[in-house]
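Values in this document were obtained by computation on a predicted structure and should not be read as measured data. In what follows, chains carry the letters A, B, and so on, assigned in the order in which the sequence lines appear, proteins first and then strands, with residues in each chain numbered from 1.
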Protein chains: 2
Amino acid sequence: MRSDAKKNYEHLFETARIVIAEQGANASLRDIARRAEVGIGTLYRHFPTREALLEAILRESFDHVSTRAAELELSGSAGQALVAWLRDMVALTYDHRGVLASMAAAIDDEQSALHESCVRLRGSGARLLALAQAEGTARADIDGTDLLALVSALAWLNDQAPFAARVERLFGLITDAVMRPTSTVTTP
Amino acid sequence: MRSDAKKNYEHLFETARIVIAEQGANASLRDIARRAEVGIGTLYRHFPTREALLEAILRESFDHVSTRAAELELSGSAGQALVAWLRDMVALTYDHRGVLASMAAAIDDEQSALHESCVRLRGSGARLLALAQAEGTARADIDGTDLLALVSALAWLNDQAPFAARVERLFGLITDAVMRPTSTVTTP
DNA sequence: ACCTGAACACCGTTCAAGT
DNA sequence: ACCTGAACACCGTTCAAGT
């Protein structure tokens, strides 16, 4: 990359980070270009889709959650590890309003720049879930996609003003539901 | 209302119902006016805001849920009544993609044309919840707004393609969580 | 190689001019 | 009274013309 292009890229990236933090993941791309003082075409050259821009901005946070998840896999209690992962995921979306809708859409869309990251994230949760299920602390009738769905739903609630204050409590309710082993028929 | 105005109103209403069923609650208002073959100003005259249009379209469904809720209040099991109400609410949003975001926003916004309907809806759920709590079949640490939040979250999941197929199962999970009485300290 | 911004096809919303 | 559609201020996205 030419040095002027690199400068543009980085300035665009920092500006986008600020604007998206302010206005959420659906902020105007035109506005980002304007505030970065580059032509709109330059934004499209560096980030051909909105997802590509989001991916760049979220990459750090994604990596953070993945790394933590790998650590958590080695921790003593699989149940506690799973709850910690759920907390990490909710925190991720606290920092980035409105990204969960894009992330949800990316799960089944292999063309999306967010696809790989989201699948990887789901995988990290799925592994912790499987461990907790094997341990008997998580209910057996859900999978990694269900888990992602639940976290996404909480994140969505967090974006709705009248519900935001209740996410904490509802997080507890949902965690309870996930962490309660389904009653199994015990043969004597 | 003059007869020509009434005709416009009704045609606009039917067209909007179709377009919103097709494209969801965020369908283009311009498109609705075009398909109804009236000027865009005519749409705004009859429905000054998008919420006003949604309210008109949803009124029937709202009334249906409210009426059912009143009947359910009289039924034998408050717990079963509450679950039935939750099902009704999810069904409401099955028929009207994308309305829950507007409904959520309307809860705290007294200016919204949807405000009254949403508050009434929340009230009907809250009463059923209180009965189930009194009966001991619903957990005591949530209120009507929490209930609406949970239903809204399920409805949102239903709008996300990769999660839609799982809403049934997750409905069960969340219902389980709501219907489990919180363990209380029993004094001997 | 990269940047620019006009151009195109859309929005939501308002309001002067018409009937 | 009511309807119309141009007008305004925005989008996202593309691409010919520039350096």
Are the side chains of [X] and [Y] in touch, meaning some heavy atoms are under 4.5 Å apart?
X        : Y        : answer
B:Val19  : B:Arg35  : yes
B:Ile107 : A:Gln160 : no
A:His115 : A:Glu110 : yes

List the protein contact pattern of nucleotides 14-19 of chain D with one symbol per nucleotide (5' to 3'): B for base contact, S for sugar-phosphate-only contact, - for none; contact means a heavy-atom distance under 4.0 Å. BB----

Please figure out whether A:Thr42 or B:Thr49 has its closest DNA chain C nucleotide nearer the 5' end. A:Thr42

Test A:Met89 against A:Leu147 for side-chain contact (heavy atoms from CB on, under 4.5 Å), laying out the working first. CA-CA 10 Å; A:Met89 286 296 289; A:Leu147 207 61; over 6 Å; no

Roughly how many Å is it from [atom1] in [X] to [atom2] in [N], rounded to a whole number?
X       : N      : atom1 : atom2 : answer
A:Leu43 : C:dG5  : CG    : P     : 14 Å
A:Phe47 : C:dC3  : CZ    : P     : 11 Å
A:Asn8  : C:dT4  : CG    : C1'   : 11 Å
A:Arg45 : C:dG5  : CZ    : P     : 16 Å
A:Leu53 : D:dG12 : CG    : P     : 11 Å
A:Glu37 : C:dC3  : CD    : C1'   : 15 Å

Does a side chain donor of either B:Ser117 or B:Arg59 reach within less than 3.5 Å of an acceptor in the other side chain? no

Under 4.5 Å between side-chain heavy atoms, hopping through other hydrophobics if needed: is there a path connecting A:Leu170 to A:Met179? yes

SB check [X] [Y] (cutoff 4.0 Å):
X        : Y        : result
B:Glu60  : B:Arg17  : yes
B:Arg169 : A:Asp141 : no
A:Asp63  : A:Arg120 : yes

Quick one: stems involving DNA chain D, counted as three or more successive Watson-Crick or G-U pairs, both distances short of 3.5 Å. C:4-8 with D:12-16, C:12-16 with D:4-8

May I ask you to list the residues of residues 17-35 of chain B, by number, that have any heavy atom positioned under 4.0 Å from an atom of DNA chain C? B:Ala27, B:Ser28, B:Leu29, B:Arg30, B:Arg34

Before you tell me yes or no, could you show the steps for A:Asp88 and A:Arg68 under salt bridge (Lys or Arg N to Asp or Glu O under 4.0 Å), namely the whole-Å CA-CA distance, both residues' side-chain angles and the distance that decides it to 0.1 Å? CA-CA 9 Å; A:Asp88 283 354; A:Arg68 272 263 294 169; 2.8 Å; yes

Tell me what B:Arg50 touches on the nucleic acid: a base, only sugar-phosphate, or nothing, going by heavy atoms under 4.0 Å. sugar-phosphate

Ignoring backbone atoms, test whether A:His46 places a side-chain nitrogen or oxygen under 4.0 Å from the OP1 or OP2 oxygen of C:dC3. yes

Indicate the ring-plane relationship of B:Trp156 and A:Trp156, choosing parallel, tilted or perpendicular according to the 30° and 60° boundaries. parallel

